[in-house]
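Scroll down for the structure; my scribbles are underneath it.
Chain A is the first sequence line, chain B the second, and so forth, proteins listed ahead of strands; every chain is numbered from 1. Values in this document were obtained by computation on a predicted structure and should not be read as measured data.
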2 protein chains.
Amino acid sequence: MGTSKAHIKAPPGFKEKLEILHDYLTAHGLRNTHQREVILAELLSFGQHVTTEELWDRVKAIDSSIGYATVYRTLRLFTECGIASKHDFGGGSARFESDSGHHHDHMICTQCGKIIEFENEEIERLQDEVAASHQFKINSHRMELYGLCSECHD
Amino acid sequence: MGTSKAHIKAPPGFKEKLEILHDYLTAHGLRNTHQREVILAELLSFGQHVTTEELWDRVKAIDSSIGYATVYRTLRLFTECGIASKHDFGGGSARFESDSGHHHDHMICTQCGKIIEFENEEIERLQDEVAASHQFKINSHRMELYGLCSECHD
DNA sequence: GTAGATGCAAAAGCTTTGCATGGGT
DNA sequence: ACCCATGCAAAGCTTTTGCATCTAC
């Protein structure tokens, strides 16, 4: 009988990310599995910053046999191969998002939890400048603005 | 027999911070204690971003009867009355620093752990600008640059 | 067939809290 | 005296990991 595994509906960007994943797996002697594809698909279709547990809930709806540890380990794998990144916005749990390629920062509404993404080249430039003035070599940075979104004030 | 408690050597800024603390305690019907003064003094004299446990170690050296929970609760108190602030630079434990009054951000060397503080008004202005363009009201922000300090590269 | 992947459950870390006791005011 | 503060130990939570079993290659 064919692989009667749960069907994976491909969300936008799935194909590209899957290719990156496959390349990474091959290059490192790792294996592709059904679980990894399901988790990737759900991460992409979630479309928001998601915690390991939230993602696990969605993944279980597709394949109830997938365990929490697999989601946890797979998210770390995704982070390592550059198709997702991990953030800590406070509130106990780490949150993951699929990488869109271009860097961006976040505004977090402390009232409703909404997360707005933005990018600002001028700020990035100034960061580089500040770092350079301290002979500091930036590898990564985080910048988060906490406050109230337009719907939560006035 | 006066109060033969361990002597507290006043580090720079101790008097001012202590006053803020006392005012806060009075205003909220709370009490001043020897523990709180020791912890404040050690926080100030540490002079670097410190974890609860690291601070506890130093505090115990002054008064070995002080418990971890007291340090923990006192740091939260300090945060509430605005004489200290809490940061999460990753690595498991939260880190505290005494507030210097003027806002600043951090560069963290991922090799040696050194933390360099800096401030940049231009960046702050741009942050306000970005927030305004999204009708977002900033309450606080964090900005951290991760990489290698001058002593850890080349 | 073999080395990596998975699921379960337990271990690890920090953080936070309940409670009896001690101590400011 | 009253009520907050403290110390100790236990509970909570999320993150990690050990291990037997399963599976992609």
Side-chain angles (χ1 to χ4, degrees), chain A residues 1-6 18 21-40 49-57 59-60 62-81 84 86-96, chain B residues 1-6 18 21-40 49-57 59-60 62-81 84 86-96:
Chain A
M1 43 232 66
T3 60
S4 61
K5 299 284 184 181
L18 193 57
L21 175 61
H22 284 171
D23 289 350
Y24 182 90
L25 295 175
T26 302
H28 291 76
L30 305 177
R31 291 162 191 173
N32 187 36
T33 63
H34 177 246
Q35 287 91 329
R36 288 172 175 170
E37 299 199 349
V38 171
I39 294 168
L40 176 57
H49 301 75
V50 67
T51 64
T52 307
E53 180 133 29
E54 286 168 354
L55 187 55
W56 184 37
D57 282 341
V59 163
K60 277 187 297 187
I62 309 283
D63 181 341
S64 63
S65 72
I66 296 180
Y68 178 92
T70 298
V71 176
Y72 167 79
R73 284 188 279 233
T74 300
L75 282 173
R76 181 166 56 189
L77 171 68
F78 288 176
T79 294
E80 285 161 9
C81 62
K86 184 181 182 177
H87 297 281
D88 171 21
F89 298 132
S93 311
R95 287 186 172 277
F96 295 82
Chain B
M1 46 271 9
T3 58
S4 63
K5 298 286 184 176
L18 193 56
L21 175 60
H22 285 171
D23 289 350
Y24 183 90
L25 295 175
T26 302
H28 291 75
L30 305 177
R31 290 161 192 174
N32 188 36
T33 64
H34 178 245
Q35 287 90 331
R36 286 173 178 171
E37 297 198 350
V38 171
I39 294 168
L40 177 57
H49 300 74
V50 65
T51 64
T52 306
E53 182 133 27
E54 285 167 355
L55 186 54
W56 184 38
D57 283 341
V59 163
K60 276 188 296 188
I62 309 282
D63 181 340
S64 63
S65 72
I66 297 179
Y68 178 92
T70 298
V71 176
Y72 167 79
R73 284 186 280 231
T74 300
L75 282 172
R76 182 167 55 189
L77 171 68
F78 288 176
T79 294
E80 284 161 8
C81 60
K86 184 181 182 179
H87 296 282
D88 171 22
F89 298 133
S93 311
R95 288 186 172 275
F96 295 83

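Summarising the geometry of A/Thr74 relative to A/Thr70, their closest heavy-atom pair is OG1-O, 2.6 Å, with the distance given to 0.1 Å. Shortest non-hydrogen contact noted between A/Val71 and A/Ile39 is CA-CD1, 3.8 Å. B/Leu25 and B/Arg31 make their closest contact through CD1-O, 3.7 Å (heavy atoms, listed as atom of the first residue, atom of the second, distance). Between A/Arg36 and A/Asn32, the shortest heavy-atom contact is CB-OD1, 4.4 Å.
Rounded to whole angstrom, the span from the CD1 atom of B/Ile66 across to the P atom of C/dG22 amounts to 17 Å. Taking atom NE2 of B/His22 as the reference point, atom C1' of C/dG24 lies 12 Å away to the nearest angstrom. In this structure, A/His87 places its NE2 atom 20 Å from P of D/dT14, rounding to the nearest Å. Between B/His28 atom NE2 and C/dG24 atom C1' the separation is 18 Å, expressed in whole Å. When rounded to the nearest whole Å, the span between CG of A/Leu75 and C1' of D/dT17 equals 17 Å. We find that CG of B/Leu55 is positioned 16 Å from P of C/dC14, with the value rounded to whole Å. Atom CG of A/Leu77 and atom C1' of D/dT15 are 17 Å apart (whole Å). For B/His34 and D/dC4, the NE2 to C1' distance is 18 Å, given to the nearest whole Å.
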How does protein contact run along nucleotides 16-21 of chain C, one letter per nucleotide 5' to 3', with B for base contact, S for sugar-phosphate only, - for none, heavy atoms under 4.0 Å? BBB---

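In this structure B/Lys86 satisfies the salt bridge (charged side-chain N to carboxylate O under 4.0 Å, His left out) test with no other residue, sequence neighbours excluded.
You'll find the side chain of A/His49 stays beyond 4.5 Å of the side chain of A/Glu54, heavy atoms only. With a 4.5 Å cut-off on side-chain heavy atoms, A/Tyr24 and A/Leu30 count as touching. Counting heavy atoms from C-beta on, the side chains of B/Lys60 and B/Asp57 come closer than 4.5 Å. Side-chain contact check for A/Cys81 versus A/Leu21: some heavy-atom pair is nearer than 4.5 Å.
Comparing B/Thr52 and A/Ser64, the nucleotide of DNA chain C nearest to each residue sits closer to the 5' end for A/Ser64.
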If you restrict it to nitrogen or oxygen atoms, what contacts under 3.5 Å exist between nucleotides 3-5 of chain C and the protein, and what is each distance?
| unit_1 | atom_1 | unit_2 | atom_2 | d |
| --- | --- | --- | --- | --- |
| C/dA3 | N3 | A/Arg31 | NH1 | 2.6 |
| C/dA3 | N3 | A/Arg31 | NH2 | 3.1 |
| C/dG4 | O4' | A/Arg31 | NH1 | 3.4 |
| C/dA5 | OP1 | A/Arg31 | N | 3.2 |
| C/dA5 | OP1 | A/Arg36 | NH1 | 2.8 |
| C/dA5 | OP1 | A/Arg36 | NH2 | 3.2 |

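Residue A/Thr51 is classed as having no contact, given no heavy-atom separation below 4.0 Å to the nucleic acid.
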